[in-house]
Amino acid sequence: MRQVFLDHQSSTPVLPEVFDAMRPYFTEYFGNASSLHQHGLRVRDALKRARQQMAALIGAESEEEIYFTSDGTESSNLAIKGAAYANERKGKHLVISATEHPSVMNSLEFLEKQGWTCTRVGVTPQGMIRLDELEAAITPQTVLVAVHHVNHDIGTIQPMREVGQICATKNVPLYVDCEASAGWLPIDVKEWGAAMVSFSPHRFYGPKGVGVLYRNRKARIVSVIHGGVQEGGRRAGTENIPAIVGGGVAAEIAQERLSQRVTHVAPLQKRLWEGLKLNVPYIQLNGPEPGPDRVATNLNLSTEFIEGEGQLLLCDMNGIAVASGSSCVSKSLKISHVLGAIGLDHALAQGNIIMTLGEANTEADIDYVVETFAKIASKLRGMSPMWDEFEHGVIDSVIAPTGRGKSFSQHAAEVSGKPAH
Amino acid sequence: MRQVFLDHQSSTPVLPEVFDAMRPYFTEYFGNASSLHQHGLRVRDALKRARQQMAALIGAESEEEIYFTSDGTESSNLAIKGAAYANERKGKHLVISATEHPSVMNSLEFLEKQGWTCTRVGVTPQGMIRLDELEAAITPQTVLVAVHHVNHDIGTIQPMREVGQICATKNVPLYVDCEASAGWLPIDVKEWGAAMVSFSPHRFYGPKGVGVLYRNRKARIVSVIHGGVQEGGRRAGTENIPAIVGGGVAAEIAQERLSQRVTHVAPLQKRLWEGLKLNVPYIQLNGPEPGPDRVATNLNLSTEFIEGEGQLLLCDMNGIAVASGSSCVSKSLKISHVLGAIGLDHALAQGNIIMTLGEANTEADIDYVVETFAKIASKLRGMSPMWDEFEHGVIDSVIAPTGRGKSFSQHAAEVSGKPAH
Amino acid sequence: MSETYTLYNSTVMEHFMNPRNMGDLKDADGVGEVGAAACGDIMKISIKIKDGRIEDARFKTFGCGSAIASSSMATELIKGRTIDEAMSFSNQEVVDALGGLPPVKIHCSVLAEEALKAALEDYVKRNPSAAAKAATTDSVAA
Amino acid sequence: MSETYTLYNSTVMEHFMNPRNMGDLKDADGVGEVGAAACGDIMKISIKIKDGRIEDARFKTFGCGSAIASSSMATELIKGRTIDEAMSFSNQEVVDALGGLPPVKIHCSVLAEEALKAALEDYVKRNPSAAAKAATTDSVAA
Ligand SMILES: Cc1ncc(COP(=O)(O)O)c(C=O)c1O
Ligand SMILES: Cc1ncc(COP(=O)(O)O)c(C=O)c1O
């Protein structure tokens, strides 16, 4: 069976060059960067090189602005809580977009329990932050604005330059989560005037176990993991040297191959969406059309009248790895809050499937996915009472309304006794 | 030149078997454990196996009690802050021993800023916690007691069973930092009645980038890194699968080879200390004599009249990797707080050297170290005004007092104008 | 990849991939459609009753793999049972017959139980005489 | 390991490994011993003065590698200077001559400056006539 990995947003394989670079740091150069002898000093050098590679990827001025954490989540936590605690005297208010990653959203919820307040700025149906609302949300007590570069679920590219200008005018530091864009879109921290930027190499063919936080010299943060004085006192704990070394090499390669990678995936993204649109009735793309407003790797789809997990499992049984933001695949039984924030009808949120492309995908892969996915959708619709009820005019389609029948959500609420969430 | 690595407390090389186990998880089995497809499910299986291996090493009942973090430091942070935040309603008081690792000490300092109070229980000159003080320190508001199994600097093994009994009697959960003991001493969480235990495989021939927190089902903690619902909702962020897999294998091997390893290093530890005692005048062992009260890997030495960094650098230039707790090697210019807590004279704290053994060390290594170290000590004493002043009866030795001259500390305070810290 | 890894055990996967009794029953004697407010799943079970026994059962499900497997298994299990027996059907039977479900998916089996009971209720409503007989069990009223 | 990694640059390492002017001066004209409260380092510099110039200088240091290197370099630098010149000696000279020190180790060079000034003070105290000449500079009194 053909194997097609279409979940590059979840993780990517480590490149052979990256693995080769990491390799000696497990067995031979195994020192701790805090040690003052050969073994420590050698890995310090390696750390510095990796910082330079990370700095180069995002246009940072100096490698001293790069801090290593364990992953993207920890970087978000450090950016949000680190800035909140460091600037408590100025105020206890933060502003974020409503479609930030849970690592940002939940860091904020934690702070809210400790007395901070937070404004969540709404987005358009395409997932674009509402700039006027952002501007209005910033108060003299605001110590941080957090707006991600690209949304992890729906691939929307945010207008970072405009966001940066608003923050600069209001003189509030800006944190940009670049986990879903680094390695796939050019990033220039200076152009945005970003105080902090985070990303994680395992999204661009680097290893897991390392996250990056860029912090502009002027931005004040305190650490959130306390202990020794590693990472300039901003992140305690023994550095994960092999992963950092590998991440640095992955960043260097990502910078070199960025346009080549995009040139490869962008046509596949279009081919996949065109193919699905043509072969699967009642399917919708969430977020912007492929083009300048959407990262070239991501398609976020809603297949109407069927649920996401079933689609995902049948894809998997056919060798196709995909993700879903439907409530059935989440451990909390809630749909992705991003789908809620763009105002997606619950029926469509339930049928959500996320496909994310990478450099190993081919046109033949795409054609196989289109063909297979059409079969899967029709198999699941054959089992779905909703498809039946749509065909009998009991409920109507959200994607292509016929004017007959009630809405899916109304029907679902009637049979379950409560509106779904 | 002979190369002798005597800094196993800082890190250990990854075993070939461990590396081989990790290897496929970089390039082939690169999935994210949150994914529901083949790539995710495969690594979930691997995660579960690693949890079982970790659970077995410490006598935990079930692998469901094992949580993965990024390192020992993060595990300490999660144990301390996680328990503090989760049990806030019961009280805001914690009790720790005065010689805990900075990851514990500084987590507490952070909580103290947020309104918690903490009692630091004193230790004997050998670094043993004072059980009567511990018992007296626990109040009805105490939500956690933290006592490490083995001290990272001086190798003292704490009376964990007695500590556990006190906590059980007082009905307060006990957290035991086993970073300096796991893989080198048997650990039985049930025997101690420990609520939490932490350790990190990079101290026993596993990889960096993974920490372990055992949490008994009954112990309440909340997460400190917020985001997705990985690790049972207690640690958000993409799991570092290769390191976890490698760590699991290292734990399994550590369990198998524990007594073999100890049988190897314990005689070397004795040989090293006997050799140094015989060949280096005015040298002192800090912490208990090699034997049942001291972990078999560690020697903590004070070479009088000379400072630690110079000793460390000259060791390094002679192929010998060691550590030091002197203020000159710390980024904060302070001596290790452990040396302060055991009441070590400042003069001796400044001349501190830490040697930690591992399975690759040989008798010939030890003899080389003894011989070389004797030369280093006499070279540095030749440069030291303190040695001179001791020989001229201006100051006296702490280790072997002659009754002539003032104390080093008094002299140092006089010439510097202030007492050192 | 040589080995196949699955989210659910092999029985659940088998019922998800090849569901039994999928579809609708023409001339059903009772139809129940229920939804799970928690996750948005919807399940419909149709039954055919003959001589006080469930002669046939079919399902249609909008939901995850375990919801589909649960309805497949539930319809298998209840065939041949008397109305009274079916009235005391519990989701645990589905869970057991499937060889277990992940904790977060137990509600799928509950949904199957509810869909079945709704279908029985529908039958009883349509057949008051049967209602009289079944009135001895409380679960109908609940 | 083929390459050698060092905590300090090669000049600092060289001065640490092979310190210049290590020892004491018999019949020193001035001896200064100072300590750094911050880290506990102690440095002693002895000087020999001839015709108003530092003819020779020696050090003994209890301290880290950069403290030893700083005292070695400082004694090298001051040889041949007049008392006045030496009075305005600054730690920055040591740092520069060593090709830089890590920020946290700059205080080692300060200690060398202080030890030298203490030795000069000692000389001046022992030789009031020289004191009269040097009185024009404030640094002595400081
Ligand atoms: C936009 C965004 N931010 C942060 C994270 C968290 O990163 P990690 O999984 O490396 O902890 C993710 C992960 O999916 C993400 O997509
Ligand atoms: C006793 C003890 N606890 C915790 C830690 C922190 O562990 P890590 O360096 O893996 O973050 C250390 C590290 O030296 C330690 O020795």
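Side chains included, hydrogens not; waters and symmetry mates left out as well; all remaining heavy atoms used. To find a chain, count down the sequence lines: A is the first, B the second, and so on, and within it residues start at 1. Everything quoted here is computed from the prediction, not taken from an experiment.
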* Pair B/Asp365 + B/Arg2: basic N to acidic O under 4.0 Å -> yes

* Asked: Which atoms of A/Glu109 come close to chain B, meaning under 4.5 Å heavy atom to heavy atom: side chain ones, backbone ones, both, or neither?
  -> neither

* Is the closest side-chain heavy-atom distance between B/Glu309 and B/Ser324 below 4.5 Å? -> no

* **Segment of B/Asn77 engaging chain A (4.5 angstrom heavy-atom cut-off)** => side chain

* Asked: Checking A/Asn106 against chain B: side chain, backbone, both or neither under 4.5 Å from a heavy atom?
  -> both

* Greatest number of heavy atom pairs closer than 4.5 Å to chain B - which of A/Gly237, A/Ser76, A/Pro242, A/Gly233 -> A/Gly237

* **Portion of A/Ala236 that has a non-hydrogen atom of chain B nearer than 4.5 angstrom** => both

* Choice from B/Val322, B/Leu41, B/Thr238 maximising heavy atom contacts with chain A below 4.5 Å -> B/Thr238

* Could you check whether the rings of A/His337 and A/His152 sit parallel, tilted or perpendicular, using 30° and 60° as the cut-offs? => tilted

* Asked: At a heavy-atom separation under 4.5 Å, does B/Tyr85 approach chain A through its side chain, its backbone, both, or neither?
  -> side chain

* Portion of A/Phe26 that has a non-hydrogen atom of chain B nearer than 4.5 angstrom -> both

* **Chi angles and distances behind the ring-ring contact (aromatic ring centres under 6.0 Å, His included) call for A/Tyr205, B/Phe30** => CA-CA 10 Å; A/Tyr205 305 100; B/Phe30 62 87; 8.7 Å; no

* Asked: Are any of the side-chain heavy atoms of A/Thr73 and B/His226 separated by less than 4.5 Å?
  -> no

* Indicate yes or no for a side-chain donor-acceptor contact from A/Asp71 to the backbone of A/Gly209 under 3.5 Å, with no hydrogens or angles considered. => no

* Which portion of A/Leu312 sits near chain B, non-hydrogen atoms under 4.5 angstrom -> side chain

* With a 4.5 angstrom heavy-atom cut-off, which part of B/Ile241 approaches chain A: side chain, backbone, both or neither? -> both

* To do: Please test A/Trp116 against A/Phe110 for side chain to side chain contact (heavy atoms under 4.5 Å, CB included), starting from the C-alpha separation and ending with a verdict.
  => CA-CA 9 Å; A/Trp116 269 262; A/Phe110 172 76; over 6 Å; no

* Asked: Sub-3.5 Å donor-acceptor pair from the side chain of A/Thr12 to the main-chain atoms of A/His8, do we have one?
  -> no

* Do you know which of B/Met22, B/Met105, B/Arg235 has the most heavy-atom pairs under 4.5 Å to chain A? -> B/Arg235

* **Among B/Gln230, B/Lys113, B/Lys81, B/His101, residue most engaged with chain A (heavy-atom pairs, under 4.5 Å)** => B/Lys81

* Quick one: what part of A/Ala321 sits under 4.5 Å from any heavy atom of chain B, side chain, backbone, both or neither? -> both

* Identify which part of A/Leu78 has an atom lying under 4.5 Å from any heavy atom of chain B, answering side chain, backbone, both or neither. => neither

* Does B/Arg203 use its side chain to pair, donor to acceptor, with the backbone of B/Ala180 at less than 3.5 Å? -> no

* Would you find a donor on one side and an acceptor on the other, under 3.5 Å apart, between the side chain of A/Asn361 and the backbone of A/Leu357? -> no

* Asked: For the candidates B/His37, B/His202, B/Gln114, which exhibits the highest count of non-hydrogen atom pairs separated by less than 4.5 Å from chain A?
  -> B/His37

